[in-house]
Student: 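Here it is, the structure, as structure tokens.
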2 protein chains.
Amino acid sequence: MVTIYDIAEKAGVSAMTVSRVINNTGRISEKTRAKVKRVMDELGYVPNQMARSLVLQETRLLFLMITDITNPFYTTLARGAEDAAKKHGYRLLFGNTDEDLEKENDYIDAVLKTRADGVLLAPAGDASLPHLEMLRRHRVPFVLLDREVPGMDSDVVLGDSKEGARQLVKQLVGGGHRRIALINGSRTISSARERLEGYREALKLNDLEYDEALVLETSFGPRSDLTGIEAWLDRMRPLPTAFVAGNNVLAVELMRSLRSRGLRVPEDVSLVCFDELASYAEMDPFLTVISQQAYQFGHLGMQMLLDRIRSRDEPSPAWRKVVLPAELIVRRSVRQL
Amino acid sequence: MVTIYDIAEKAGVSAMTVSRVINNTGRISEKTRAKVKRVMDELGYVPNQMARSLVLQETRLLFLMITDITNPFYTTLARGAEDAAKKHGYRLLFGNTDEDLEKENDYIDAVLKTRADGVLLAPAGDASLPHLEMLRRHRVPFVLLDREVPGMDSDVVLGDSKEGARQLVKQLVGGGHRRIALINGSRTISSARERLEGYREALKLNDLEYDEALVLETSFGPRSDLTGIEAWLDRMRPLPTAFVAGNNVLAVELMRSLRSRGLRVPEDVSLVCFDELASYAEMDPFLTVISQQAYQFGHLGMQMLLDRIRSRDEPSPAWRKVVLPAELIVRRSVRQL
DNA sequence: GATTAATATGTTACCGATAACTCTAAATTA
DNA sequence: TAATTTAGAGTTATCGGTAACATATTAATC
């Protein structure tokens, strides 16, 4: 590998002079600058980022940890984060945790070893707390996305889950539905809790009774729990006329199960959910959804993270909690009873 | 930040002893090992990967460059690559080029600066050649995915595009179709060329004439060229009875355009394509597709890359070109004429 | 008990860059 | 002309680790 010393020798100057040319610092005569540049081109020199990082004590490397790389909500979010990072000259390392605490732990470890300048993460759940404490302890700035973790104050970008759930239920009630089920993620995830809460509130508001049997707590994640869904559907009789799904993955899995029983949406049952499906599924968008600004989650979160990094040495300002409003998009998956 | 020197001092040993404990090298008495470990825990020590990399001359960092992070083909591929990398103790840095040569160039630059141990990439096109030459020049092992680049010998994992196109056309011909259009990616991309070639061969085999007007060359990428598609559809009269789409993105965009003209698939026109849509779109899978083993692309490609890295110093064996067979999955998007 | 071997640990140099300081020669000022 | 600036370099130490070699114990052998 070519180093600045190789350049320096061939150009007949000191390594420091080469460093100055590279970074445009200090005073260099045009003549030597040109000579050094020519030699650099000749030898195909590329600076060694690690050596720089070691002495500069910053890596210009950020980490984004998401829980499901095949979920379009998260890939869109990733694009937003990437765009913002790139604009400010940071590189972005992705990690895919699959909602798995152990994988998350491995990635946290990688973050610390790599000395990343900051982390953007959608935590696997409340049990991510020790991971966050680890980051805090090592003074790695981080911003949470989509989910809060009780017991840890930090910057966080959230969607308005409670309000979203309320609106979805309201939409169903408006369609004449009174027996409304909820299939949701684990209660160890703040957004799932909020959605459950919004669901309950909306029921109450409409004088509908909360029936525990109509609520299934499973996983937001990519590993489907089809047998759990099947069993749940078997237990509920009569079947509810409408379903709320806590996210897009659950909506799809529920639809699969319904379809296998010969039930069509919306003819036989109605269905609404959080988050858009893949853009490729939108050839024929028919699900009524709460559409969250996925790109903004990543973009805004990244800006907040960069703010923290920039002001790392200053007395840290109060934590910022941004709640992005979500939009109800009415399509054709709710039947008017 | 805590360093091995802090540990060493507090444990009353030398830095080297600490290093030995960390890496389990050399001989260390159980007593000192325990003492050092205790101090490490106490201070919350995490090794500095950069410092290690600098002296070891390896980063254990790999790069995966894909052309569209929102395309499920690539995210599934990414998962395959990630799984394989993780298993061997490597971390994986993702880059999203959006089929854009300039972005690709930026990422190549990042790879070199970071001194990544290897690269897995789906090149933006034939014009990626200089980027690959750059990698070769700097002795960075790489494996191409999904696309070849003329003029550059290397390991590569491809799908059988030609055969896939043949099968898709055959399927349509079998349905009685004789006027078959093709919407394809840019001819600067090897897989697009292969697909065109397969399409032409299949037409010939079935005594159908190749009509240039029935072929649209646009982009595989995420930035839609809707007006181009609209104009193309306007030009063709009568409209073909069937379409082959060069990938999933194009299939979706074409369907949108068709839908906006009130044309339904398969009632009014038939449509087949390469690659599955998002798994979330598979609630109701109805497109007949050539399904490629996306996960295998990433997984196998990563294994090949790791092989190269391991044998970097040995005389390099011949380049390996793996062609993964693709499977025709017949669904309901082709109408029997 | 002296010599040798094995075990446990320390020292030094280096990976590739940059910060902080120093030095030299030319340019400017008094 | 001597004193002072200033432009344009060079020197040295350092970031946090590890390899290679050196050294000090302890154990084994004769």
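In what follows, every chain begins at residue 1, and chains take the letters A, B, ... in the order their sequences are listed.
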Student: Check for me whether the distance between the ring centres of Phe297(B) and Phe73(B) falls short of 6.0 Å.
Tutor: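 When the ring centroids of Phe297(B) and Phe73(B) are compared, they turn out to be within the sub-6.0 Å range.
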Student: dT11(D) P sits how many Å from Ile4(A) CD1, rounded?
Tutor: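 About 13 Å, once rounded to whole Å.
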Student: For Gly12(A) and Thr3(B), take the nucleotide of DNA chain D holding the closest heavy atom to each; which residue's nucleotide lies nearer the 5' end?
Tutor: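 So the residue in question is Gly12(A).
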Student: Do other residues, nucleotides or ligands put more than 12 heavy atoms under 6.0 Å from Glu9(A) CD?
Tutor: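 No.
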Student: Without decimals, in angstroms, what is the distance between Asn23(A) CG and dG16(C) P?
Tutor: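 Going from CG in Asn23(A) over to P in dG16(C) covers 17 Å.
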Student: Please test Phe142(A) against Leu132(A) for side-chain contact (heavy atoms from CB on, under 4.5 Å), starting from the C-alpha separation and ending with a verdict.
Tutor: CA-CA 8 Å; Phe142(A) 63 89; Leu132(A) 303 183; 4.1 Å; yes
Student: Here's a test of your reading of the structure: between Ala51(B) and Glu30(B), which maps to the more 5' nucleotide of DNA chain C?
Tutor: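 The residue closer to the strand's 5' end, by nearest nucleotide, is Glu30(B).
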Student: Can a donor-acceptor pair under 3.5 Å be found between the side-chain atoms of Arg20(B) and the base atoms of dG10(C)?
Tutor: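 For Arg20(B), whose side chain was compared with the base of dG10(C), there is a donor-acceptor pair (under 3.5 Å).
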Student: For Leu56(B), report the nucleic acid contact type (base, sugar-phosphate, nothing); a contact means any heavy atom under 4.0 Å.
Tutor: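 The residue Leu56(B) makes sugar-phosphate contact but no base contact.
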Student: Determine the contact category for Gln57(B): base if any of its heavy atoms lies under 4.0 Å from a base atom, sugar-phosphate if only primed atoms, P, OP1 or OP2 are that close, otherwise nothing.
Tutor: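 Sugar-phosphate contact only.
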Student: Please state whether the phosphate of dA7(D), meaning OP1 or OP2, lies under 4.0 angstrom from any side-chain nitrogen or oxygen of Arg27(A).
Tutor: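 Yes, Arg27(A) has a side-chain N/O under 4.0 Å of OP1/OP2 on dA7(D).
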Student: Ser19(B) side chain N/O closer than 4.0 Å to the phosphate oxygens (OP1, OP2) of dG17(D)?
Tutor: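 Result: no.
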Student: Taking atom C1' of dC15(C) as reference, at what distance in whole Å does atom CE of Met50(B) sit?
Tutor: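 About 13 Å, once rounded to whole Å.
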Student: Ile28(A) near the nucleic acid: base, sugar-phosphate alone, or nothing, with a heavy-atom cut-off under 4.0 Å?
Tutor: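 Sugar-phosphate contact only.
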Student: Have a look at Ser14(A) and say if it touches a base, only the backbone sugar-phosphate, or nothing, with a 4.0 Å heavy-atom cut-off.
Tutor: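 Result for Ser14(A) = base.
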Student: Contact class for Arg52(A) vs. all strands (heavy atom < 4.0 Å): base, sugar-phosphate, or nothing?
Tutor: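 Counting heavy atoms under 4.0 Å across all strands, the contact made by Arg52(A) is with sugar-phosphate only.
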Student: Take Gly26(B) and Ile22(A), find for each the nucleotide of DNA chain C with the closest heavy atom, and name the residue whose nucleotide sits nearer the 5' end.
Tutor: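 The residue whose closest nucleotide sits nearer the 5' end is Gly26(B).
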Student: Looking at Asp307(B) and Arg312(B), is any side-chain nitrogen of the basic one under 4.0 Å from a carboxylate oxygen of the acidic one?
Tutor: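 Not counted as a salt bridge, because no side-chain N and carboxylate O are separated by less than 4.0 Å.
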Student: Are Asn48(A) and dC15(C) close enough that a side-chain N or O sits under 4.0 Å from OP1 or OP2?
Tutor: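 No, Asn48(A) has no side-chain N/O under 4.0 Å of OP1/OP2 on dC15(C).
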Student: Roughly, in whole Å, what's the span from CG in Leu54(A) to P in dT18(C)?
Tutor: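 Taking atom P of dT18(C) as the reference, CG of Leu54(A) is at 12 Å.
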Student: Below 3.5 Å, does any donor atom in the side chain of Tyr5(B) face an acceptor in the base of dG16(D), or the other way round?
Tutor: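 Counting by modelled atom types and ignoring angles, no donor-acceptor contact under 3.5 Å is found here.
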Student: Between Arg136(A) and Asp153(A), is there a donor-acceptor pair closer than 3.5 Å when you use the side chain of the first and the backbone of the second?
Tutor: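 Yes, Arg136(A) side chain to Asp153(A) backbone: donor-acceptor pair under 3.5 Å.
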Student: What's the CG-P distance between Asp6(A) and dG16(C), to the nearest Å?
Tutor: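 That distance rounds to 8 Å.
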Student: Any side-chain N or O of Thr32(A) below 4.0 angstrom from OP1/OP2 of dG8(D)?
Tutor: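 No, no such contact exists.
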Student: Round to a whole Å and report the spacing from CD of Glu58(A) to C1' of dA19(C).
Tutor: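 Whole-Å distance recorded here is 14 Å.
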Student: For dC15(C), take OP1 and OP2 only and decide whether either is under 4.0 Å from a side-chain N or O of Ser53(B).
Tutor: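 False: Ser53(B) side-chain N/O out of range (4.0 Å or more) of dC15(C) OP1/OP2.
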Student: Counting side-chain heavy atoms from CB outward, which of dA17(C), dT9(C), dG17(D) is closest to Thr17(B)?
Tutor: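 Nearest to the side chain of Thr17(B) among the choices is dT9(C).
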Student: Closest approach to the side chain of Ser29(B), judged atom by atom: which nucleotide of dA17(C), dC15(C), dA8(C) is it?
Tutor: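 Closest of the options to the side chain of Ser29(B): dA8(C).
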Student: Looking at Arg308(A) and Asp155(A), is any side-chain nitrogen of the basic one under 4.0 Å from a carboxylate oxygen of the acidic one?
Tutor: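 Salt bridge between Asp155(A) and Arg308(A), a charged N being under 4.0 Å from a carboxylate O: yes.
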Student: In whole Å, what is the span from the NZ atom of Lys113(B) to the P atom of dT18(C)?
Tutor: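 Taking NZ of Lys113(B) and P of dT18(C), I get 11 Å after rounding.
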Student: Grab the OH-C1' distance between Tyr45(B) and dG16(D) for me, whole Å please.
Tutor: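 For the pair Tyr45(B) OH and dG16(D) C1', the rounded distance is 7 Å.
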